[in-house]
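The sequence lines fix the lettering, A, B, ..., with proteins before strands; numbering per chain opens at 1.
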Number of protein chains: 2
Amino acid sequence: MSIFTYKNMVMTELSRFKADFFRALAHPLRIRIVDELRSGELTVQELGFRLGAEQSTVSRHLAVLRGRGILNARKEGQTVRYSAADATLFRLLDVARTMFNHQLSELQSTLADLKHGNSR
Amino acid sequence: MSIFTYKNMVMTELSRFKADFFRALAHPLRIRIVDELRSGELTVQELGFRLGAEQSTVSRHLAVLRGRGILNARKEGQTVRYSAADATLFRLLDVARTMFNHQLSELQSTLADLKHGNSR
DNA sequence: TTCTTATATGTGAATATGGACATATTGTCA
DNA sequence: TGACAATATGTCCATATTCACATATAAGAA
């Protein structure tokens, strides 16, 4: 048995969780849904209106996020109010935005280098 | 034009970036690749050995991560050394682990509640 | 009860993803 | 040059994702 095999077995569980978690976020509409929920609960309708998407489409994407434990659903009368299950989620999205900004900066300086004839 | 339409147009670019970014991470092997790179550069071979995966499989997953600007590839002789393009990446994974821990805690207390007969 | 509203889900078609195998490309050595 | 080593990619097949439309479920209102 390889020296790395034990480590692999331990890492597998967490890496699968993270992969499933990221896959749940791997859609523009789901990202926007989560962003809309920064300020609090919203119903399926409200989300559909704000995002300009079909009712069934929104509902399905909400089901994905709920299924991963990313969102909570609270039924109230005939409406369902969705909210983030853990505020850490927003921190995660903020970190992703930071990386986005870094990539933009790098692109900028690459362009600047090209402009000044610096090869690399 | 709906009052939300302008906002949607602005949010679309960033949400697409985030979605593509998360999709690049949405695979257990890619998560493990990134985790292996916490301590520095590794070649394709080294990664394949540590993860117990086919050479072609590792190479393809590396291509996905490189394509999103998540990893850098540095060719040195006949080997290619991969590394994280931005250390912020590790912060992101750490935040994901925090959310994982929160989910576990919640599961624990739900079980404890059940054990003591508290309905909810 | 019947009608309406809010939400969820079944279904089929189009597209994307992932793995294994073979092959191509590039660099090194003799 | 020929043989080898490290990496990338073409190809085929199986599976997964996503959307739109229709339908199901459930709660309220008349």
Inset, instruction - Please list, by residue number, the residues of residues 54-62 of chain B whose heavy atoms come closer than 4.0 Å to an atom of DNA chain C; answer none if no residue qualifies. - result: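 The answer is B:E54, B:S56, B:T57, B:R60, B:H61.
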Legend entry - Salt-bridge criterion met for B:R38 and B:D94 (N-O under 4.0 Å):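 A salt bridge links B:R38 with B:D94.
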Legend entry - salt_bridge(A:R23, A:D20) N-O dist < 4.0 Å: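 Yes, this pair counts.
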Between [N] ([atom2]) and [X] ([atom1]): distance, integer Å:
X: B:E41; N: D:dT7; atom1: CD; atom2: P; result: 12 Å
X: B:R66; N: D:dA8; atom1: CZ; atom2: P; result: 6 Å
X: B:Q78; N: C:dG27; atom1: CD; atom2: C1'; result: 5 Å
X: B:H27; N: D:dT17; atom1: NE2; atom2: P; result: 11 Å
X: A:Q45; N: C:dA8; atom1: CD; atom2: P; result: 11 Å
X: A:N72; N: C:dT7; atom1: CG; atom2: P; result: 16 Å
X: A:R74; N: C:dT7; atom1: CZ; atom2: P; result: 13 Å
X: B:D20; N: C:dA16; atom1: CG; atom2: C1'; result: 13 Å

Inset, instruction - Return the orientation label for the A:F100 and B:F17 ring planes: parallel under 30°, perpendicular over 60°, tilted otherwise. - result: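 Answer is tilted, since the angle falls between 30° and 60°.
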Legend entry - Closest non-hydrogen atom pair between A:E36 and A:L42, with its separation: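 Residues A:E36 and A:L42, closest heavy atoms: O-CD1, 3.7 Å.
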Inset, instruction - Return the minimal non-hydrogen interatomic distance between B:A73 and B:V80, and the atom names on each side. - result: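 Closest heavy-atom pair between B:A73 and B:V80: CB-CG1, 3.8 Å.
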Inset, instruction - Could you check if a side-chain atom of A:I33 sits within less than 4.5 angstrom of a side-chain atom of A:L71, using non-hydrogen atoms only? - result: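 They are in side-chain contact.
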Inset, instruction - Select from A:R23 and A:G77 the residue whose nearest nucleotide in DNA chain D is closer to the 5' end of that strand. - result: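 Looking at DNA chain D, the more 5' nearest nucleotide goes with A:R23.
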Inset, instruction - Could you tell me whether a side-chain N or O of A:Q103 sits under 3.5 Å from a main-chain N or O of B:R68, the two making a donor and an acceptor? - result: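 It does hold such a pair.
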Inset, instruction - Looking at every strand, decide which applies to A:R30 at a 4.0 Å heavy-atom threshold: base, sugar-phosphate, or nothing. - result: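 Contact class for A:R30: sugar-phosphate only.
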Inset, instruction - Classify the nucleic acid contact of A:R81 as base, sugar-phosphate or nothing, counting any heavy atom under 4.0 Å across all strands shown. - result: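 Here A:R81 touches no strand at all.
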Inset, instruction - Please check the phosphate of D:dA6 (OP1 and OP2 only) for any side-chain N or O of B:Y82 closer than 4.0 Å. - result: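 Checking B:Y82 against D:dA6: no side-chain N or O falls below 4.0 Å of OP1 or OP2.
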Inset, instruction - For A:V80 and for B:E76, find the nucleotide of DNA chain C with the closest heavy atom, then tell me which residue's nucleotide is more 5'. - result: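 With A:V80 and B:E76 compared, the 5'-side residue is A:V80.
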